Structure formats: C-alpha cells, structure tokens
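As the structure lists them, so they are numbered: ligands from 1, and atoms in each ligand from 1. Not measured: the values here are computed from a predicted model. Note that the numbering runs from 1 along the sequence shown for the chain.
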Amino acid sequence: MSDLMDTLRLQVISCTKCNLSKSRTNAVAGKGNYNAEIMFIGEAPGRNEDLKGEPFVGAAGKILSEALEYAGLSRDDVFITNVVKCRPPNNRVPLQEERDSCHPYLSGELDIIKPKIICILGNTAYSSILGGDSITKNRGKIIKKNDQLYFLSIHPAAVIYTPTLKQVLKDDIKTLVEILGKIKKGIQVETLS
Ligand code: URA
Ligand code: SF4
C-alpha cells in the first residue's frame, strides 16, 4: 500500500478544479500495482468507469485486459490511468483546460509509480503527454523524453469500431513486454525523440 497514493486518490475523488466535476458521478483515479513497471495512460473515464469509479471497466477495458493477457500480463501487474479523471459529457474529447487542470494528478501518479515505461493509449494521451498528432502513423514506436521511455499504441476503444485493430493492439502490447525485458537486461532499444 502507498500512503501517498491514498492521499492522491482522496484528492482526485473530491476534486472540483474543472467543470467536469459538475457532470461526473465518480472521479476515477488510476488503479493497479504501485510497483508496476508499465503504466498505461488512456483518455478519460467513459460511462461505466464514471459509474464504478474505476478505469477501463467497460468494453474498452475488456479489450485492454485481453491484450494484456495475450502478452502474459494481468491487470494486477500494471498501473492503468487516464489523462483526465472525470468523464466528459457524451464522452467528448477532454478540452485542453481540463487536461491542464487534471495534469497534477497524472504527474503525482507517475512520481509514485516511477514506471520503467509508459504506454500511451491513443491520440488524446499522445497529444497531451508528448504533443504528438497521429497515433495511427506512430504506434509501435518508442520515444524517450526527459529520461522517461514511452511506447505508443492505439486506444482499445478503436478496436470496437475497427475489429481488425484488435490484433494490432495485442501485438503492440506483446512488443511492449519484449521491450521492457530488454530494458531490464540493459540492452539498448531504438528510440525516437
Ligand atoms: N476509455 C478511456 O480512455 N479510459 C477509460 O478508463 C475507459 C475508456
Ligand atoms: Fe478535477 Fe481532473 Fe476531475 Fe477536472 S477532471 S474535476 S481536474 S479530477
């Protein structure tokens, strides 16, 4: 258990720093292993997450779990969170001001977990965290920024609309696990910056 994470979670669940606090049911803090080597970052809670107060528990979450299992991981091995912690109305993309208001919580999660690699899930996380703009073009790549490694992949919800992407996501997560294995052995991995 982490007292720091408990404190952070309490701040998130009572947060009213942006307008999303007005329409949410529950704010959704990150969840998983506090010693995780991999941290996944999605966009924002959806309907199921808002109702349950947990990240990735709906259809997209089921797809993410399947991809993790395919790569030999369980959800308890990793830490899963989002760019913003409250559901935007009708699942619209979170506004820049909402991302900015929420950013200290994501930073706090990162400071506590200190993942060896961060897996960016989709365009919202890609643009918010790395200023990127085409996950379709860049997925599968590794980026090093400020001494932190990132791996880029698609958002699991994309699989709902384009079922052929399921194998792409699964293969990406498998690649991510292989990359982590190399990092832990001190083997150099090729990165973009
Ligand atoms: N989509 C996200 O980006 N995050 C969730 O937690 C659920 C769906
Ligand atoms: Fe606070 Fe983030 Fe929710 Fe906005 S989205 S109210 S900043 S927890």
Original post:
Going by the order shown, which atoms of ligand 2 are within less than 4.0 Å of some heavy atom of S101?
Top reply: 7 (S)
Original post:
For P45 and V84, which heavy atoms make the closest approach, and how far apart are they?
Top reply: CD-O, 3.2 Å
Original post:
For ligand 2, is any non-hydrogen atom under 4.0 Å from E98's backbone (N, CA, C, O), its side chain (CB onward), both, or neither?
Top reply: neither
Original post:
Does a sphere of radius 6.0 Å around NZ in K62 hold more than 12 heavy atoms from other residues, nucleotides or ligands, not counting ones at 6.0 Å or beyond?
Top reply: no
Subject >> Q96 CD: over 12 foreign heavy atoms closer than 6.0 Å >> reply: yes
Subject >> S21 neighbourhood, listing ligand 2 atoms whose heavy-atom distance to it stays under 4.0 Å >> reply: 6 (S)
Original post:
Are H155 and Y126 near enough that their ring centres are under 6.0 Å apart?
Top reply: no
Original post:
Hey, which residues fall under 4.0 Å of ligand 1 on heavy atoms?
Top reply: G42, E43, A44, E49, P55, F56, N82, H155
Original post:
Which value, rounded to the nearest 0.5 Å, describes the distance between E69 atom CD and L64 atom CG?
Top reply: 10.0 Å
**OP:** Answer yes or no for C86: is there an N/O/S atom below the 2.8 Å cut-off from atom 3 (Fe) of ligand 2?
**Re:** yes
Subject >> atom 1 (Fe) of ligand 2 to nearest N/O/S of C102 less than 2.8 Å >> reply: no
Original post:
Is the charged tip of K170 near the ring of Y70: under 6.0 Å from the six-membered ring centre and within 45° of its axis?
Top reply: yes
**OP:** Quick one: look up the protein heavy atom nearest atom 4 (Fe) of ligand 2 and list residue, atom name and how far away it is.
**Re:** C18 SG, 2.4 Å
Subject >> Close-contact set for ligand 2 against R24 heavy atoms, below 4.0 Å >> reply: 3 (Fe), 6 (S)
**OP:** Give the residue and atom name of whichever protein heavy atom lies nearest to atom 1 (Fe) of ligand 2, and the separation in Å to one decimal.
**Re:** C15 SG, 2.3 Å
**OP:** Classify the side-chain pair R87/T25 by whether it contains a donor and acceptor separated by less than 3.5 Å.
**Re:** no
All N/O donor-acceptor pairs, side-chain side in residues 10-17, below 3.5 Å, sequence neighbours left out:
{"residue": "S14", "atom": "OG", "partner": "L10", "partner atom": "O", "Å": "2.9"}
{"residue": "S14", "atom": "OG", "partner": "Q11", "partner atom": "O", "Å": "3.4"}
{"residue": "K17", "atom": "NZ", "partner": "S101", "partner atom": "O", "Å": "2.8"}

Original post:
Would you say the side chain of C119 lies within less than 4.5 Å of the side chain of I41, judging by non-hydrogen atoms?
Top reply: no
**OP:** Supply the atom-to-atom distance E37 CD to F79 CZ, rounded to the nearest 0.5 angstrom.
**Re:** 15.0 Å
